[in-house]
Structure formats: C-alpha cells, structure tokens
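To start, the structure itself, in structure tokens.
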Amino acid sequence: MNNFFSRLSTGIAGLDEILSGGLLAGKSYLVRGGPGTGKTMLGMHFLTAGIEAGEKALFITLGETEPQLRENAEAVGFDVSGIDFLDLSPSSEFFSEMESYDIFSPAEVERDPTTHKIVEAVEAINPSRIFMDSMTQFKYLTTDNFQFRK
C-alpha cells in the first residue's frame with residue numbers, strides 16, 4: 001500500500017474527494033492555522049482512519065498532554081484507544097520551576113534527546129501514520145530556520 005501513488009484517507013470524506021482519494025502515502029504534510037482552527041481534529045481523523053484500516057498510528061505531542069488529547073478527542077466522539085501517543089509536552093512543574101512561559105528551555109529540553117525519543121518511538125511502533133502536534137513547539141528545538149525546515 002505504500003507505493004508512490006497510493007492514497008491514505010484523511011478520515012474526512014469530503015476532503016478525500018477533493019484530494020482524489022486522500023493524501024499520498026509516504027509524504028509529509030504541514031497543516032497551518034491559528035489556534036482552534038481544527039488542526040488537531042484533522043490529525044485525529046487521519047489517525048483514527050488509519051486504525052480503522054488496520055494500520056498503526058502514532059500521535060506525537062509537544063504541546064497538550066496525552067490525557068488532555070484523549071479527553072478532548074473522546075468528548076467529540078473519537079475512539080483513540082488504538083492510537084499510540086508519544087507525549088513530549090512539558091510538565092506543569094516545568095513552568096513553575098522555570099518561572100517562564102517559554103515552551104522549551106535549551107537546558108531542559110535539547111533537540112538531540114527529543115529527536116532520539118521520536119526516532120525510538122517510530123522504530124518501536126513502526127506506524128503507517130504519524131501526526132505531530134504542534135510544529136510551533138518543535139521549532140524551538142532548532143537553531144535556525146534552515147534546520148527547522150530540514
């Protein structure tokens with residue numbers, strides 16, 4: 001199924017129709033929008049569609065915690081029981097100890113350990129679908145725009 005022309009359902013019938021059957025398999029996509037525009041819900045649709053198709057799915061979170069994501073998803077009717085989560089969100093203690101509202105501090109979270117955790121999870125789970133939320137927080141782990149885009 002992962003050949004060059006195969007499509008993956010987004011989990012949203014109308015969007016799949018516009019996309020001629022879904023997203024191209026094996027490609028990366030960046031979804032951009034302000035807070036509350038539905039990026040995370042799109043990710044939930046995409047991952048649960050994969051679970052329903054018998055695929056493995058991984059949700060990588062750098063913002064909201066896994067329990068928050070599960071609660072929000074289940075509140076709007078998603079069954080996320082088959083989704084694996086990699087929770088890289090900072091703890092509430094992080095903010096109070098640092099007395100800062102920056103999402104990441106270079107001393108607290110280094111790019112290499114975070115990248116290593118992501119690679120380990122992907123290798124262990126071997127998912128067909130991955131959704132990372134949000135790229136904004138991930139950008140703080142890079143030293144410049146070129147590295148972030150890479």
Side-chain angles (χ1 to χ4, degrees), residues 1-91 94 101-104 106 108-150:
M1 175 164 188
N2 283 335
N3 69 36
F4 183 74
F5 297 107
S6 66
R7 302 274 178 166
L8 299 174
S9 172
T10 63
I12 303 170
L15 183 56
D16 286 347
E17 185 176 335
I18 291 168
L19 297 172
S20 300
L23 300 171
L24 289 172
K27 302 291 181 185
S28 298
Y29 296 89
L30 176 65
V31 178
R32 184 177 177 197
T37 58
K39 301 176 299 292
T40 302
M41 288 297 110
L42 175 62
M44 290 293 184
H45 276 285
F46 177 68
L47 294 179
T48 56
I51 295 297
E52 290 171 6
E55 300 171 2
K56 292 181 182 177
L58 174 62
F59 192 115
I60 301 170
T61 178
L62 295 154
E64 290 183 85
T65 65
E66 178 182 347
Q68 289 171 320
L69 288 166
R70 285 184 180 278
E71 182 179 325
N72 293 342
E74 290 168 359
V76 294
F78 286 105
D79 176 5
V80 295
S81 60
I83 298 174
D84 286 293
F85 284 82
L86 175 59
D87 188 342
L88 299 174
S89 63
S91 66
F94 170 79
Y101 295 99
D102 293 335
I103 195 69
F104 291 110
E108 182 71 24
V109 181
E110 298 285 338
R111 182 184 72 246
D112 291 340
T114 300
T115 303
H116 186 68
K117 288 177 186 176
I118 292 170
V119 170
E120 280 182 340
V122 169
E123 288 176 350
I125 297 165
N126 193 26
S128 300
R129 298 174 184 230
I130 300 171
F131 182 77
M132 181 181 289
D133 192 16
S134 99
M135 290 302 292
T136 302
Q137 284 86 353
F138 199 68
K139 185 174 184 174
Y140 295 125
L141 299 176
T142 61
T143 56
D144 57 40
N145 282 336
F146 174 75
Q147 190 177 44
F148 172 65
R149 290 171 196 241
K150 183 180 172 185

* **Residue pairs, two or more places apart or on separate chains, that pass side-chain hydrogen bond (donor to acceptor under 3.5 Å, both in side chains) and touch residues 30-41** => Thr40-Asp133
* Mind jotting down which residue pairs meet the side-chain hydrogen bond (donor to acceptor under 3.5 Å, both in side chains) criterion with at least one end in residues 16-25? Sequence neighbours excluded, please. => Ser9-Asp16, Thr10-Asp16
* At their closest point, which heavy atom of Pro127 faces which heavy atom of Val122, and how far apart are they? -> CD-O, 3.4 Å
* Which heavy-atom pair separates Leu69 from Phe59 by the least distance, and what is that distance? -> CD1-CE2, 3.4 Å
* **Working for side-chain contact (heavy atoms from CB on, under 4.5 Å), residues Ile83 and Thr48** => CA-CA 7 Å; Ile83 298 174; Thr48 56; 3.9 Å; yes
* Asked: Stepwise, does the side-chain contact (heavy atoms from CB on, under 4.5 Å) test hold for Ile118 with Leu88?
  -> CA-CA 9 Å; Ile118 292 170; Leu88 299 174; 3.7 Å; yes
* Is there a side-chain contact between Asp79 and Glu52 (heavy atoms, below 4.5 Å)? -> no
* Side chain to side chain, Ile51 and Ser81, heavy atoms closer than 4.5 Å -> no
Roughly how far, to the nearest 0.5 Å, is [atom2] of [Y] from [atom1] of [X]?
X	Y	atom1	atom2	value
Met132	Leu62	CE	CG	6.0 Å
Leu23	Leu15	CG	CG	7.0 Å
Lys56	Asp84	NZ	CG	8.0 Å
Leu58	Phe85	CG	CZ	9.0 Å
Phe131	Tyr29	CZ	OH	14.5 Å

* Under the 3.5 angstrom rule, does the side chain of Arg129 hit a backbone N or O of Ala49 as a donor-acceptor pair? -> no
Taking only distance into account, with no hydrogens and no angle test, what donor-acceptor pairs under 3.5 Å do side-chain atoms of residues 71-78 form with protein atoms, sequence neighbours excluded?
{"from": "Asn72", "atom 1": "ND2", "to": "Glu64", "atom 2": "OE1", "distance (Å)": "3.1"}
{"from": "Asn72", "atom 1": "ND2", "to": "Gln68", "atom 2": "O", "distance (Å)": "3.3"}

